[in-house]
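Data block below; observations after.
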Amino acid sequence: MCGIVGIAGRNPVADRLVSALARLEYRGYDSAGIATLDRGQIQRRRAPGKLVNLASRLDRDPLAGNIGIGHTRWATHGAPTEVNAHPHATPRVAVVHNGIIENYRPLLVELAADGYLPITQTDSEVVAMMVTRWLDLGLAPAAAVQATISRLQGAFALVFLFHGEDNLLIAARQGSPLAVGYGAGETFLGSDALALSLFTDKVTYLEEGDWAVVTPDGASIRTREGGAVTRLVHVSATNSNMVEKGPHRHFMIKEIHEQPEAVSRVIGQFVDRRSDSLVERPLPFDFATLDRMTISACGTAYLAGAVSKYWFERFARLPVDIDIASEFRYRQPPMTPGGLALFISQSGETADTLAALRYCAANEQHIAAVVNVEESTISRESGAVFPLLCGPEIGVASTKAFTAQLTTLACLALTAGRKRGVIDDATFAVLLAALAALPGHLSKALAAEPQIAEIARGLTKASDVLFLGRGALYPIALEGALKLKEVSYIHAEGYAAGELKHGPIALVDEHVPVVVIAPSDELAGKTMSNMQEVAARGGPIILITDAEGAAQHADLAAQSIVMPSVHPFVAPIVAAVAVQILAYHTAVHMGADVDQPRNLAKSVTVE
Ligand code: F6R
C-alpha cells in the first residue's frame with residue numbers, strides 16, 4: 001500500500017508532488033508528506049490524515065526546490081502520526097517507502113550499536129538510517145543505497161533524496177511496484193502510471209530487484225547485482241482525465257454508473273456480435289484438455305472467482321479449486337504440472353495474489369490473469385491476460401471492476417464450455433443472448449437507485465445485517481455484506497441461504513435486517529423457504545428479486561428491490577449492482593467517507 005512519488009526536475013516540485021499524491025491517495029490516506037532539496041538542504045513537510053492536511057500545511061509553510069519526493073501512507077508499523085509520516089529523514093538523506101521491511105528490528109539493533117537511534121515507530125526509518133551510516137562511512141549515494149537494499153528483507157519500493165545532490169534521486173524496487181516516467185528534461189517516479197500520467201505517458205516499470213539512478217535527464221537502471229540493464233519504455237494509456245468525478249458526488253457512485261459500459265466493453269472482447277460467436281484467440285493452454293482449474297484472489301476479486309466456480313463447473317464441467325490467496329500461498333497445495341491457475345485482481349499488485357501466482361508458476365501451471373491495471377506485476381507475470389478495460393477504479397470499494405471481472409469470467413466459462421463440448425448450439429445461443437443483453441439490464445438496474453436509496457435509509461439504524469443467497473448468488477450475498485461493512489461500517493455477514501438454520505438464524509430478530517437475494521430461478525423456491533424462516537422470527541426482509549419473484553413473494557418482505565428479469569446465468573451480475581447501490585446509499589445517509597473508508601487502502605501490496 002502507500003503511494004510514492006519523486007520528481008527530478010528543473011522547476012519547482014512541491015505542488016506537483018502533491019498533485020501526484022492526490023492520484024495515489026487511493027493507496028492510503030493515513031498521513032502524507034513531501035521532502036525537497038532547497039539549496040542543497042533537505043526540507044520536509046508532513047501531516048497526519050488526508051492529503052488536504054498536508055496541502056494546507058504547505059500553504060502556510062511552502063517548500064522550494066526542483067527535486068523532491070512524496071508519500072501517502074497506509075500505516076503498517078506505527079500509528080498514523082506526523083512523526084511516523086514519510087519521508088523519513090536524517091540530515092543526509094530522505095526516503096519514502098512502500099512495503100514492509102521485515103527485518104527492521106535486527107537492523108535497528110545493529111544500528112544502535114553504532115550509535116544510530118530511531119525517532120519513529122516505523123519499519124521504514126531504518127532504511128534512512130542505514131543509508132546514512134554508509135554515507136558517514138564515505139560511500140557515495142549509489143553505493144550506500146546498494147549496500148542498504150542488499151540487507152533488506154520484505155517488500156519495498158523506495159525513493160531517496162540526498163543532501164547536497166541537486167540532481168539525484170535513487171529508486172529501488174523489490175515486491176512493491178515502482179515506475180519511472182520520462183518528461184522533457186525532467187524524470188519522474190511513481191507507484192503507478194496514474195500518478196505519472198500528470199507529467200508524461202512514457203513509462204518504464206522497474207523489475208524485481210531493479211534500482212535506478214535518476215536525474216532530470218533520465219534514469220540509469222541497474223539489476224540487484226549492479227549491472228546496467230535496459231527496460232522497455234511503454235506509452236501508457238492511462239490518462240489523467242479518467243480520474244475525475246464528473247457530476248457525481250463520489251467515485252464509488254460514478255463507477256457504479258459506469259458498469260453498463262464497462263461490461264459492454266468486456267463482452268466486445270469476447271463476442272463477435274456480427275456472427276454471434278466467440279472471438280477465437282490463441283491461448284497458451286487448452287480448455288478442452290484441462291482436468292482442473294485453480295482460482296485464487298482476495299476480497300471482492302475472490303468473490304468474483306467464487307461466482308465463476310458455479311459457471312465453470314456447470315457450463316464447462318471443469319472442476320474448480322478456489323481459495324483466498326493469503327491462504328492458498330501458504331497451504332502448499334499439490335498441483336499437477338500443466339494445469340491452469342487463474343488469478344483475479346483489479347490492481348494487479350495485491351501481494352497475496354501475486355505470491356499465489358508465483359507459487360503456481362513454480363509448480364508448472366499455466367498462469368492466466370483477469371486484471372484491470374494492464375501494466376501491473378500480475379499482468380506482466382501471466383502467460384495469458386484478460387484485461388478488464390474498465391479504466392482506473394478510484395473508489396476504494398471495488399464496483400465496476402467486480403462486474404467486469406464477473407463478465408470476463410462468464411465469457412471464459414462460455415469459451416471453456418464450447419471448447420469442452422459441453423454447451424450445445426441451442427444453449428450457447430441462449431447464454432450468449434443473456435450476456436449480450438446484460439449492459440441494457442444493468443442500465444435498468446441503475447434506474448432503481450432512488451428506490452434503493454430510500455430502502456438504505458432504514459439500514460442506517462441497524463447494527464447487524466445479514467445477506468442470504470443460493471448458488472451463484474451466494475457469493476453475491478458475501479459481496480453485499482463486504483460492501484456494506486466497508487463503506488458504512490455496519491456489521492454485516494453473508495450466508496448461503498441453506499446454511500442459515502445451521503447457526504446464523506440465532507441472530508435473527510426484529511432489529512436485524514436480512515437482505516435476501518432471490519430472483520426467480522430454479523433455486524428461488526428453496527431460498528423463499530429460508531425467507532419464511534426469517535419472517536417467522538420477525539426479521540425484517542429486504543428482498544432483491546425480479547418482477548416474477550416480487551409478484552410471488554413480496555408479501556413476506558418488508559421491502560423489495562425489483563431488478564430486471566434476466567437469465568439466471570447473468571443474474572449475479574445484475575444483483576451485484578443492487579447490493580452496491582444499497583451499500584453506497586447506506587454509507588451516504590450515515591455521512592461516511594465513501595471513497596476512502598477508514599483503515600482501508602485500495603491496493604494491498606503488503607501481506
Ligand atoms: C473490496 C475491495 C477489496 C479488493 C481486494 C483485492 O471492495 O476492493 O476486497 O477486491 O483487496 O484487490 P485487487 O482486486 O486489486 O487484487
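Position 1 is the first residue of the sequence, and the numbers go up from there.
For the pair Gln269 (side chain) and Ile267 (backbone), a donor-acceptor distance under 3.5 Å is absent. Using modelled atom types, one side-chain atom of Lys309 and one backbone atom of Val320 make a donor-acceptor pair closer than 3.5 Å. Panel note: side chain Ser376, backbone Val373; a donor-acceptor pair is recorded below 3.5 Å. The closest donor-acceptor contact from the side chain of Lys400 to the backbone of Glu258 lies at 3.5 Å or more, if one exists at all. The main-chain N or O of Ala384 is never found under 3.5 Å from a side-chain atom of Ser382 such that the two would form a donor-acceptor pair. No side-chain donor-acceptor contact under 3.5 Å links Lys483 to the backbone of Ile581. With hydrogens and angles ignored, the 3.5 Å screen pairs no side-chain donor or acceptor of Asp201 with any backbone N or O of Ala193. In this structure a side-chain-to-backbone donor-acceptor pair under 3.5 Å is present from Arg27 to Cys2. Side chain of Arg420 to backbone of Arg317: a donor-acceptor contact under 3.5 angstrom is found. Under a 3.5 Å cut-off, the side chain of Tyr474 and the backbone N or O of Ala306 do not form any donor-acceptor pair.
One distance of note links OG of Ser176 with CD1 of Ile4; it measures 8.0 Å at 0.5 Å rounding. Rounding to the nearest 0.5 Å places OG1 of Thr289 at 10.0 Å from CG of Leu340. Within the model, atoms NE2 of His234 and CZ of Arg231 stand 10.5 Å from one another, a figure rounded to the nearest 0.5 Å. Annotation: the span from His86 atom NE2 to Thr122 atom OG1 amounts to 5.5 Å, rounded to 0.5 Å. Remark: Ile517 CD1 to Leu468 CG distance equals 8.0 Å, nearest 0.5 Å. Between the CG atom in Leu189 and the CD1 atom in Ile69 there is a gap of 10.0 Å [rounded to 0.5 Å].
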> Which is it for Val203 and Glu375 under the side chain to side chain contact (heavy atoms under 4.5 Å, CB included) test, yes or no, and what are the steps along the way?
Replying inline: CA-CA 10 Å; Val203 172; Glu375 301 101 344; over 6 Å; no
*Test Glu280 against Lys419 for salt bridge (charged side-chain N to carboxylate O under 4.0 Å, His left out), laying out the working first.*
CA-CA 11 Å; Glu280 276 293 332; Lys419 293 267 182 232; 3.2 Å; yes
Evaluate the criterion side chain to side chain contact (heavy atoms under 4.5 Å, CB included) for residue pair Leu158 and Leu178; output intermediate values, then yes/no. CA-CA 8 Å; Leu158 298 162; Leu178 191 56; over 6 Å; no
For a side chain to side chain contact (heavy atoms under 4.5 Å, CB included) check, start with the C-alpha distance between Leu388 and Thr408, then their side-chain angles and the critical distance, and finish with the verdict. CA-CA 7 Å; Leu388 298 177; Thr408 304; 3.5 Å; yes
Q: Would you sort out whether Tyr302 and Ile344 count as a side chain to side chain contact (heavy atoms under 4.5 Å, CB included), showing the intermediate values?
A: CA-CA 7 Å; Tyr302 163 78; Ile344 308 164; over 6 Å; no
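Between Ser308 and Ile295, some side-chain heavy-atom pair lies under the 4.5 Å cut-off. Lys50 has its side chain within reach of Gln596: a pair of non-hydrogen atoms, C-beta onward, lies under 4.5 Å apart. Counting only heavy atoms from C-beta outward, the side chains of Glu374 and Leu389 approach each other to under 4.5 Å. Using a 4.5 Å heavy-atom cutoff, the side chains of Leu473 and Phe467 are not in contact. Counting only heavy atoms from C-beta outward, the side chains of Cys411 and Leu435 approach each other to under 4.5 Å. For the pair Pro260 and Leu446, the minimum side-chain heavy-atom distance is below 4.5 Å. Between Thr427 and Leu431 there is a side-chain heavy-atom pair separated by less than 4.5 Å. You'll find the side chain of Val566 stays beyond 4.5 Å of the side chain of Leu438, heavy atoms only.
Between the side chains of Glu393 and Ser398, a donor-acceptor pair is found at a separation under 3.5 Å. Using modelled atom types, one finds no donor on one side chain facing an acceptor on the other under 3.5 Å when comparing Thr72 with Glu25. Side-chain N/O atoms of Thr300 and Glu479 include a donor and acceptor closer than 3.5 Å. Side chain to side chain, His257 and Glu255 fail the donor-acceptor criterion of an N or O pair below 3.5 Å. One side chain, Glu349 or Thr377, offers a donor N or O that lies under 3.5 Å from an acceptor on the other. A donor atom on one side chain and an acceptor atom on the other are not found under 3.5 Å apart for Gln405 and Gln346.
Counting heavy atoms of neighbouring residues, nucleotides and ligands inside a 6.0 Å radius, atom CD of Glu207 exceeds 12 of them.
Residues Thr200 and Tyr182 come closest through the heavy atom pair OG1-O, 2.6 Å. When all heavy atoms of Tyr29 and Leu600 are compared, the pair lying nearest together is OH-O, 3.2 Å. The nearest pair of heavy atoms linking Ala592 to Val487 is CB-O, 3.2 Å. Considering all non-hydrogen atoms of both residues, Phe270 and Leu412 come closest at CE2-CD2, 3.8 Å. Nearest heavy-atom pair, Thr350 versus Cys298, reported as atom, atom and distance to 0.1 Å: CG2-SG, 3.7 Å. What you find for Ala75 and Asp30 is that their closest heavy atoms are N-OD2, 2.7 Å.
With respect to Arg292 and Asp321, a salt bridge is recorded, a charged nitrogen being found less than 4.0 Å from a carboxylate O. A salt bridge is defined here as a Lys NZ or Arg NE, NH1 or NH2 lying under 4.0 Å from an Asp or Glu carboxylate O, and Asp210 with Arg173 fails to meet this definition. Classification of Glu208 and Arg358 as a salt-bridged pair holds, one side-chain N sitting under 4.0 Å from a carboxylate O. Of the charged side-chain nitrogens involved, at least one lies within less than 4.0 Å of a carboxylate oxygen, so that Asp323 and Arg331 count as a salt-bridged pair.
A ring-centre distance under 6.0 Å is found for Tyr359 and Phe328. A ring-centre distance under 6.0 Å is found for Phe569 and Phe315.
Across Arg73, His97, His77, a single residue satisfies side-chain hydrogen bond (donor to acceptor under 3.5 Å, both in side chains) together with Ser124, and that is His97.
Ring pair Phe188/Phe199 is parallel by interplanar angle, where below 30° counts as parallel and above 60° as perpendicular.
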